[in-house]
Q: 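Sharing a structure here in structure tokens format.
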Amino acid sequence: MQAVAAPAWNPVGVRFLHRSSQVTSGSNGAIACHTTSHHRPYAHLPSTQRFRSPRNVGNPSAQVSSCNFLSGDLQWFGCTSVQLTERSPRKNQSLRGGRHSIRASLEVGPVGDGKSLQLKESFSGGGHEAAKEGGGEEKKKVVVVGAGWAGLGAAHHLIKQGFDVTLLEAGPQPGGLVAGWKTDAGRSVEVGIHGFWYPYRNIFALTDELGLRPFTDWTKSSQYSPFGLEVESPIFQEMPRLPSPLGTFVWTQFQRLPLADRLTALPLMYAVVDFDNSDEAWSKYDKLTARELFKMYGCSERVYTDAFNPMLLVGLFAPGEQCSAAAALGMLYYFILAHQADFDVVWCRGTVGEQIFRPWVERMQNQGVRFLANKRVSDLVLNEQTGAVSGVVCGDETFDADTVVFSVGISGMQRIVAGSSVLRTRDEFLSTANLGAVDILAVRLWLDKKIPIPKPSNACFGFDSTTGWTFFDLNALHDEYRDEPGTVVEADFYHANQFLPLSDDAIVRKVQSYLATCIPEFGTASVKESAVVRVRRAVTHFSPGSYPSLMRGTTSFPNVFMSGDWIVNRHGSWSQEKAFVTGLEAANRVVELFRKGTLARIVPVEDDEPHVTALRQVNQAAKGVISRLPFANYFL
């Protein structure tokens with residue numbers, strides 16, 4: 001197997017080319033994005049409908065690729081080469097009398113494949129002249145740090161409210177770890193396959209607003225162990241609706257887990273009712289591990305090992321003994337227990353970057369958002385008189401800011417804090433050093449024959465005690481591979497730190513062995529191509545005791561706001577949906593700060609079912625009575 005070697009900072013198939021640099025003294029140049037791709041405008045359909053897209057089929061040549069990401073911050077190793085051409089010697093010149101404008105182009109995809117994304121950027125140096133509205137009033141400058149779901153969500157709303165928005169992304173393209181990229185052979189690769197669950201109401205509303213049709217039908221799923229098939233899940237919204245959580249309990253088809261073991265999970269419903277996503281509930285349950293919680297409520301060892309722990313391994317990316325009980329309850333309730341249909345899921349018909357982020361970014365660029373790639377924030381500028389932040393520093397460049405929105409992951413935030421003389425003065429930022437993140441391994445295989453895979457999405461447990469993994473039939477999910485002569489399968493491993501040091505060949509052999517254990521026909525196929533992606537400290541680790549160190553949406557700086565899936569809020573969502581929601585919440589805080597524009601409409605999670613609401617009211621009343629008893633708070 002041949003790996004592709006290259007220097008740092010370059011993803012497979014990505015070239016970042018500075019087309020030109022120029023100095024001007026007039027108004028800011030127009031921002032444009034020119035995109036040619038498979039993407040076609042699709043007729044609008046409600047996101048709750050099931051649909052199948054027109055097929056877009058590629059037929060690239062064979063290639064073996066490998067990428068390593070260090071610390072989840074889009075440092076790129078083991079990839080193709082970078083071509084960087086600077087035609088002006090004045091890139092870092094700061095002009096006090098005018099404006100320093102740099103334009104650049106980011107191309108994603110092999111040259112000549114008709115799918116390159118040209119990201120034309122303009123930004124200003126130290127002599128920035130503020131953009132003005134039609135009436136001559138200066139626009140408030142917002143700098144958003146990080147271009148994932150949270151950062152794009154904040155920029156999406158703020159540009160519509162008349163703010164001057166600059167988005168800084170440490171990687172070479174918007175989207176962060178979700179974006180995906182192309183190999184030299186034109187193959188799509190991404191850091192794990194991302195599902196979009198039934199309660200992702202705000203993301204579905206966004207794709208409707210954008211007129212996109214990026215999703216598959218609702219899909220059924222399976223679960224495997226080394227003993228074979230364990231669980232089959234239907235499309236729950238197609239089944240007769242039962243009160244929560246009976247629908248999940250009744251319609252899920254367990255193949256080997258005895259009913260007696262499943263019944264031992266019923267007492268856990270008290271904790272589900274008691275955990276209402278409040279600060280009090282998080283503080284109470286965060287001190288426990290998830291395993292301790294399940295043991296406390298009498299769950300059998302079998303139901304924990306074969307049901308709950310596998311959910312945690314692929315939902316919170318760590319085993320139960322390493323997960324906060326509060327996070328476990330929140331995640332399980334949101335995705336599985338709150339309503340029967342919540343576990344239904346659709347998938348992107350290609351990478352999230354191609355299907356959603358690319359047209360979304362193009363639209364925002366046309367509206368005036370400036371996207372600046374390869375900008376690593378190193379510090380902030382603090383106005384000592386007001387206590388507010390007045391700029392964002394990226395090496396030798398400073399971007400003026402009336403407000404700042406951080407939209408980076410835990411690992412990225414920790415690095416920014418470590419290098420920032422301003423952020424190191426604030427306890428809430430220093431406390432991020434107490435937080436952790438989880439390693440991910442993503443492996444994509446192109447096989448020489450078609451393998452019958454009963455369900456397109458599959459979760460697995462029991463192969464490694466601390467690692468969960470999933471595999472996906474990309475012929476069924478991605479348009480690009482629908483007519484591929486052989487099977488294209490993706491296997492994603494979470495909490496995969498012990499696998500990352502292995503060679504690509506060793507990883508591919510292990511993956512094929514695991515797949516053959518689940519579906520024996522995989523053992524009869526040969527691997528034609530493979531792509532191995534290692535990402536250290538990629539996703540949030542909600543460890544026991546981590547809640548006090550998680551940041552809130554506001555900070556001790558009056559004009560610095562936080563967003564991301566690790567930021568504390570009370571919406572109730574998780575994962576991509578939570579990241580997007582917190583981006584909208586950050587945008588609303590900016591709107592409120594300057595009293596300019598309208599608030600973004602954030603779709604709330606679906607109301608609790610009536611019986612759950614009633615039980616929570618009774619529980620709160622009972623706790624109120626108990627709290628007034630002598631010695632109520634005396635014992636641990």
Side-chain angles (χ1 to χ4, degrees), residues 47-48 149-150 153 194-206 218 221 233 235-237 241 243-249 252 265 268-279 281-282 284-286 290 293-294 307-318 320 323-347 457 459 468 470 494 539-542 546-547 550 563-585 602-609 611-613 615-616:
S47 55
T48 53
W149 277 109
H194 302 274
F196 295 80
W197 271 261
Y198 187 85
Y200 280 18
R201 296 167 134 196
N202 289 279
I203 288 180
F204 290 143
L206 171 71
W218 300 104
S221 61
S233 297
I235 298 172
F236 286 95
Q237 60 195 284
R241 182 160 180 169
S244 172
L246 290 181
T248 304
F249 187 84
T252 302
L268 185 67
M269 281 307 298
Y270 172 74
V272 172
V273 169
D274 190 44
F275 184 84
D276 59 3
N277 200 43
S278 64
D279 181 72
W282 270 90
K284 173 182 177 180
Y285 287 97
D286 182 62
L293 175 74
F294 297 128
F308 288 119
N309 200 48
M311 295 178 196
L312 299 177
L313 284 168
V314 298
L316 292 180
F317 314 117
C323 291
S324 159
L329 288 169
M331 183 274 294
L332 291 173
Y333 188 70
Y334 178 70
F335 284 113
I336 300 172
L337 300 176
H339 310 93
Q340 178 176 301
D342 285 348
F343 196 59
D344 287 344
V345 62
V346 295
W347 310 88
S457 62
T470 52
Y494 313 101
V539 293
T540 304
H541 181 199
F542 293 96
S546 62
Y547 178 67
L550 296 173
S563 60
D565 71 350
W566 60 285
I567 303 303
V568 174
N569 74 347
R570 302 302 166 204
H571 182 261
S573 53
W574 279 82
S575 192
Q576 296 178 101
E577 173 79 352
K578 182 181 178 182
F580 179 54
V581 166
T582 60
L584 296 180
E585 290 175 339
I602 298 174
V603 184
V605 297
E606 187 177 349
D607 290 340
D608 292 332
E609 295 189 5
H611 63 287
V612 175
T613 299
L615 288 171
R616 284 183 166 166

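Computed from heavy atoms alone, side chains included, the values below leave out hydrogens, waters and symmetry copies.
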Q: Looking at Ile567, is its backbone amide N or carbonyl O close enough to the side chain of Lys578 to form a donor-acceptor pair, meaning the two atoms are under 3.5 Å apart?
A: yes
Q: Work out which heavy atom in Asn277 is nearest to a heavy atom in Arg570; give both atom names and the distance.
A: O-NH1, 2.9 Å
Q: Does Glu577 reach the main-chain N or O of Ile203 with its side chain, forming a donor-acceptor pair under 3.5 Å?
A: yes
Q: Looking at Phe275, is its backbone amide N or carbonyl O close enough to the side chain of Arg616 to form a donor-acceptor pair, meaning the two atoms are under 3.5 Å apart?
A: yes
Q: Do any N or O atoms from the side chain of Arg241 and from the backbone of Gly247 form a donor-acceptor pair under 3.5 angstrom?
A: no
Q: What pair of heavy atoms forms the shortest contact from His571 to Val603, and how long is it?
A: NE2-O, 2.8 Å
Q: Within the 4.5 Å heavy-atom criterion, are Leu312 and Met331 side-chain neighbours or not?
A: yes
Q: Would Tyr494 and Leu316 count as a side chain to side chain contact (heavy atoms under 4.5 Å, CB included) here? Give the steps.
A: CA-CA 9 Å; Tyr494 313 101; Leu316 292 180; over 6 Å; no
Q: For Gly330, is there any backbone N or O sitting under 3.5 Å from a side-chain donor or acceptor partner on Tyr285?
A: no
Q: Tell me if a side-chain donor or acceptor on Thr252 pairs with a main-chain N or O of Phe249 at a distance below 3.5 Å.
A: no
Q: Do Tyr198 and Trp218 make the cut of ring centroids closer than 6.0 angstrom?
A: yes
Q: Looking only at heavy atoms, what is the nearest atom pair of Val345 and Gly195, with distance?
A: CG2-CA, 3.9 Å
Q: For the residue pair Phe542 and Trp574, categorise the inter-ring angle as parallel (less than 30°), tilted (30 to 60°) or perpendicular (more than 60°).
A: perpendicular
Q: Is the shortest heavy-atom distance from the side chain of Met269 to the side chain of Leu615 under 4.5 Å?
A: no
Q: Report yes if some heavy atom in the side chain of Ile336 is under 4.5 Å from a heavy atom in the side chain of Phe343; otherwise report no.
A: yes
Q: Can you name the nearest heavy-atom pair linking Ala318 to Cys323, along with the distance?
A: O-SG, 3.3 Å
Q: Looking only at side-chain N and O atoms, does Asp344 offer a donor or acceptor that is under 3.5 Å from a partner on Trp197?
A: no
Q: Taking Glu609 for the side chain and His339 for the main chain, is one N or O donor matched with an acceptor at less than 3.5 Å?
A: no
Q: Quick one: does Phe308's side chain get under 4.5 Å of Leu268's, heavy atoms only?
A: yes
Q: Does either side chain, that of Tyr333 or that of Asp608, offer a donor lying less than 3.5 Å from an acceptor on the other one?
A: yes
Q: Give a yes-or-no answer on whether the side chains of Tyr200 and Ser573 include a donor-acceptor pair shorter than 3.5 Å.
A: no
Q: Is there a donor-acceptor pair closer than 3.5 Å between any side-chain N or O of Ser244 and the backbone N or O of Ala338?
A: yes
Q: Taking all heavy atoms of Ala150 and all of Thr582, pick out the closest pair and write down the distance.
A: CB-OG1, 4.2 Å
Q: Indicate yes or no: at least one non-hydrogen side-chain atom of Trp149 is less than 4.5 angstrom from one of Asp565.
A: no
Q: Check side-chain hydrogen bond (donor to acceptor under 3.5 Å, both in side chains) between Asp286 and all other residues, then give those that pass, not counting sequence neighbours.
A: Ser324
Q: Mind checking the CH2-OG spacing from Trp282 to Ser546? Nearest 0.5 Å is all I need.
A: 7.0 Å
Q: Got a sec, which residues hit side-chain hydrogen bond (donor to acceptor under 3.5 Å, both in side chains) with Trp347, two or more places apart in sequence or on another chain?
A: Thr219
Q: Quick one: do the Tyr547 and Asp279 side chains pair a donor with an acceptor below 3.5 Å?
A: yes
Q: For Pro199 versus Tyr334, what's the shortest heavy-atom pair and its separation?
A: O-OH, 3.0 Å
Q: Strictly distance-based, threshold 3.5 Å: is any side-chain N or O of Ser221 a donor or acceptor partner for the main-chain N or O of Ser457?
A: no
